[in-house]
Amino acid sequence: MDEFEKVEKLRQRANVTYEEAREALKECNGDLLDAMVYLEKQGKVNAPESSVFKTSYEEQTQYKDVPATVLEQQKNTDKKSFGEKFKHLCKIIWEKLRDNTLLVERKGKEVIKLPLWATVLILLFAWHVILVAVLISLFFDFHYSLEGEGDLEKANKVMEKATEAADHVKQEFDKL
């Protein structure tokens, strides 16, 4: 291949001017490959995009357990700051307090029905008086329960056990 053909081939492949291709070939003693590398080093030609091809089969483990991978990604993206978590917790607590009520009954008749948020406020400011009043009222056949949304069964069982304990104490006292 003569010099002119080499310059033309390099000019087309490297997308450079005739003078740049001729100078690169002159610097590399007519070697096309070295001239191409020379032009790349000067920044006149972009390096070729590399692709990797394999002839062996490798099992792809990234898609083996898709639900676990999705769950892990959600955990990583759902990371919230402490303030956001606290705000969310306060919102949940407020919704529970707003949507539920404390029902006080005596002999099957409703005596008091208070929103749970009001009950909590009263307990915060007058807990010493309220706890004594609740304990005494259990001995006078008052029953306490929670009504509203959510799973209140466990709390109601605890209140029922307190009522049963008070009834048991009354029965023991009557036996004396």
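Just so you know, residue 1 is the first one in the sequence shown, and it goes up from there.
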Leu32 and Lys9: CA distance, side-chain angles, deciding distance, side-chain contact (heavy atoms from CB on, under 4.5 Å) verdict: CA-CA 9 Å; Leu32 277 171; Lys9 194 170 225 172; 4.0 Å; yes
Are side-chain heavy atoms of [X] and [Y] found at a separation under 4.5 Å?
X      : Y      : value
Ile122 : Leu114 : yes
Tyr144 : Thr163 : no
Glu3   : Arg22  : yes
Leu146 : Thr101 : no
Glu105 : Val111 : no

Are [X] and [Y] linked, directly or through other ILVMFWY residues, by side chains that come within less than 4.5 angstrom of each other?
X      : Y      : answer
Val132 : Trp127 : no
Val104 : Val129 : no
Ile93  : Trp117 : yes
Val158 : Leu103 : no
Leu39  : Leu33  : no

State whether the number of non-hydrogen atoms from other residues, nucleotides or ligands found under 6.0 Å of [X] atom [atom1] is greater than 12.
X      : atom1 : answer
Lys170 : NZ    : yes
Lys44  : NZ    : yes
Asn15  : CG    : no
Arg13  : CZ    : no
Tyr18  : OH    : yes
Glu172 : CD    : yes

Could you tell me which non-hydrogen atom of [X] sits nearest to which non-hydrogen atom of [Y], and how far apart they are?
X      : Y      : result
Glu5   : Asp2   : CG-OD1, 2.9 Å
Ala24  : Leu10  : CB-CD2, 4.1 Å
Cys28  : Tyr38  : SG-CB, 3.7 Å
Gly150 : Lys96  : CA-NZ, 4.2 Å
Leu152 : Gly148 : CD1-N, 3.7 Å

Reported [atom1]-to-[atom2] distance for the pair [X] and [Y], which is rounded to 0.5 angstrom:
X      : Y      : atom1 : atom2 : answer
Leu89  : Lys91  : CG    : NZ    : 12.5 Å
His168 : Phe173 : NE2   : CZ    : 14.0 Å
Leu123 : Leu131 : CG    : CG    : 6.5 Å
Glu147 : Asp99  : CD    : CG    : 13.5 Å

Verdict with supporting geometry, Lys154 and Lys157, side-chain contact (heavy atoms from CB on, under 4.5 Å): CA-CA 5 Å; Lys154 290 179 184 178; Lys157 282 183 182 179; 5.7 Å; no
From CA spacing to verdict: side-chain contact (heavy atoms from CB on, under 4.5 Å), Gln42, Glu20: CA-CA 11 Å; Gln42 285 187 336; Glu20 290 171 331; over 6 Å; no
Passing option when Leu97 is tested against Leu121, Thr119, Leu116 for side chain to side chain contact (heavy atoms under 4.5 Å, CB included):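 That would be Leu116.
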Test item: Lys6 side-chain N/O and Leu25 main-chain N/O as donor-acceptor pair under 3.5 Å: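 Pair absent, no side-chain N/O of Lys6 close to backbone of Leu25.
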Intermediate values then yes/no, salt bridge (charged side-chain N to carboxylate O under 4.0 Å, His left out), Glu164 and Lys161: CA-CA 5 Å; Glu164 290 172 6; Lys161 285 185 180 184; over 6 Å; no
Pi-cation contact, Phe142 with Arg106 (under 6.0 Å, within 45°):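 Pair Arg106/Phe142 counts as cation-pi.
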